[in-house]
Amino acid sequence: MSQQDYHVPDHIFKLSGVSKAYGETHAVRSVNLSIPKGLTTVLIGPSGCGKSTTLRLMIGLLQPDEGTVLFEGNEITRANILQLRQHMGYVIQNGGLFPHLTARENITLMAHYLGWEKSRINLRLQELVDLSQFPNDGLERYPVQLSGGQQQRVALMRALMLDPNVLLLDEPLGALDPIIRSGLQNILREIFYKLRKSVVLVTHDIGEAGFLGDQIVLMRGGNIVQKGTIKELIHSPAGPFVTNFINSQNSLQEVLQEEYE
Ligand SMILES: Nc1ncnc2c1ncn2[C@@H]1O[C@H](COP(=O)(O)OP(=O)(O)O)[C@@H](O)[C@H]1O
Ligand SMILES: [Mg+2]
């Protein structure tokens, strides 16, 4: 097969029969899931249902007990993981910024490590500062000197610095108060749209899922209960759990209002 005949997949990740247990806890059970390119997929479900584990399996921080994880058509292995991960931007739950580095140093660390020219680094950094509406004078501050919302934007810029093929975000707005959170949801939606990135976002907020997600994946006890758009989940629920989960969260009122406006 020549290089040109090689089939380029239209999904960025493909999980087939993936299971992962921690001792007795079956965190992820026989999951089949394709993450489409250029769209935002949201993983949602109650605490402990396996969202973060699924994300960690995608970026190769965890190996599945069973099944396979493909990234752009390649199975993730110990041999290729470091290479592949340079094409994945990841924001862990709570941001995970290095406390002893300034915002600028956090964001540009990998680019320096990879030997990027200073001018290229500064150009990319300025693009990201503009995109995320981050104050320029915040770049020289340490994480403790930044607000929660600013810290999350630094984590986001760090994940986007190398222009990854996919962006994975684990509850990026989870710890923020509602007003800051809603402002950042708007910024995130604009960034996803402008960059046309493939995005996998974890949240437990159905309103946020409906606002940001093209595809929503509802999980429970390590299984996928339903995949679809927010409207499909509302109007054609796969079972009572779906409806109960949606109705238990009043943040959905905004999504419903938008729908009927
Ligand atoms: N490192 C770990 N060791 C043991 N159990 C874990 C570990 N990480 C997660 N779990 C368990 O696996 C299940 C799924 O966890 P997780 O993927 O973090 O859920 P979520 O992100 O949806 O809250 C939970 O029961 C959790 O307690
Ligand atoms: Mg989690």
Side-chain angles (χ1 to χ4, degrees), residues 12-35 40-69 71 76 78 81 85 88-97 148-149 151-152 155-156 158-159 166-178 181 184-185 188 198-213 215-228 230 233 237-239 241-249 251-252:
I12 193 103
F13 285 108
K14 189 174 171 69
L15 279 64
S16 307
V18 170
S19 296
K20 178 72 191 176
Y22 304 101
E24 299 286 288
T25 307
H26 294 273
V28 168
R29 302 165 191 252
S30 302
V31 158
N32 296 308
L33 179 61
S34 286
I35 305 294
T40 298
T41 298
V42 171
L43 304 183
I44 191 165
S47 181
C49 71
K51 306 180 294 292
S52 295
T53 302
T54 304
L55 219 60
R56 290 192 197 111
L57 287 160
M58 286 177 185
I59 58 173
L61 277 179
L62 291 173
Q63 313 272 314
D65 300 331
E66 282 168 49
T68 53
V69 179
F71 172 64
I76 299 175
R78 280 182 208 283
I81 180 60
R85 207 177 287 147
M88 306 176 192
Y90 178 44
V91 176
I92 63 168
Q93 219 164 329
N94 304 318
L97 296 177
Q151 288 178 25
Q152 286 311 87
L156 179 69
R158 184 172 67 175
V166 66
L167 182 63
L168 303 108
L169 308 161
D170 196 345
E171 306 219 22
L173 311 180
L176 304 174
D177 68 58
R181 189 175 176 128
L184 275 183
Q185 284 169 349
L188 280 183
S198 311
V199 177
V200 187
L201 181 135
V202 169
T203 181
H204 55 256
D205 181 321
I206 191 78
E208 188 166 296
F211 184 67
L212 294 171
Q215 170 179 240
I216 296 176
V217 178
L218 177 57
M219 296 183 71
R220 179 196 200 185
N223 295 299
I224 293 177
V225 180
Q226 187 165 3
K227 280 176 265 203
I230 185 76
L233 267 65
F241 172 77
V242 178
T243 306
N244 289 339
F245 184 81
I246 289 172
N247 291 344
S248 69
Q249 302 199 13
S251 66
L252 193 65

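What you are looking at is a predicted structure, and each value in this text was computed from that prediction instead of being measured. Excluded from the calculations below are hydrogen atoms, water molecules and symmetry mates; all remaining heavy atoms, backbone and side chain alike, are included. When a ligand or atom number is given, it counts from 1 through the structure's own listing order.
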Could Glu208 and Arg181 be called an ion pair, given the rule that one side-chain N must be under 4.0 Å from one carboxylate O? yes

Looking at Asn32, Thr53, Leu57, Thr54, which hits side-chain contact (heavy atoms from CB on, under 4.5 Å) with Val18? Leu57

Side chains of Gln226 and Phe245 in contact at under 4.5 Å (non-hydrogen atoms): no

Side chain proximity check, Leu167 to Val200, heavy atoms < 4.5 angstrom: no

Step through the shown structure and confirm whether more than 12 heavy atoms of other residues, nucleotides or ligands are within 6.0 Å of CZ on Arg220. no

List of N/O pairs, ligand 1 versus protein, all under 3.5 Å?
| from | atom 1 | to | atom 2 | distance (Å) |
| --- | --- | --- | --- | --- |
| ligand 1 | 17 (O) | Thr53 | N | 2.9 |
| ligand 1 | 17 (O) | Thr53 | OG1 | 2.5 |
| ligand 1 | 19 (O) | Gly50 | N | 3.3 |
| ligand 1 | 21 (O) | Ser52 | N | 2.9 |
| ligand 1 | 21 (O) | Ser52 | OG | 2.9 |
| ligand 1 | 22 (O) | Cys49 | N | 3.2 |
| ligand 1 | 22 (O) | Gly50 | N | 3.1 |
| ligand 1 | 22 (O) | Lys51 | N | 2.9 |
| ligand 1 | 22 (O) | Lys51 | NZ | 2.9 |
| ligand 1 | 23 (O) | Gly48 | N | 2.7 |

Counting backbone and side-chain atoms alike, is an N, O or S atom of Ser52 positioned under 2.8 Å from the Mg ion (ligand 2)? yes

To the nearest 0.5 Å, atom CG of Leu168 lies from atom CG of Leu201 at 9.5 Å

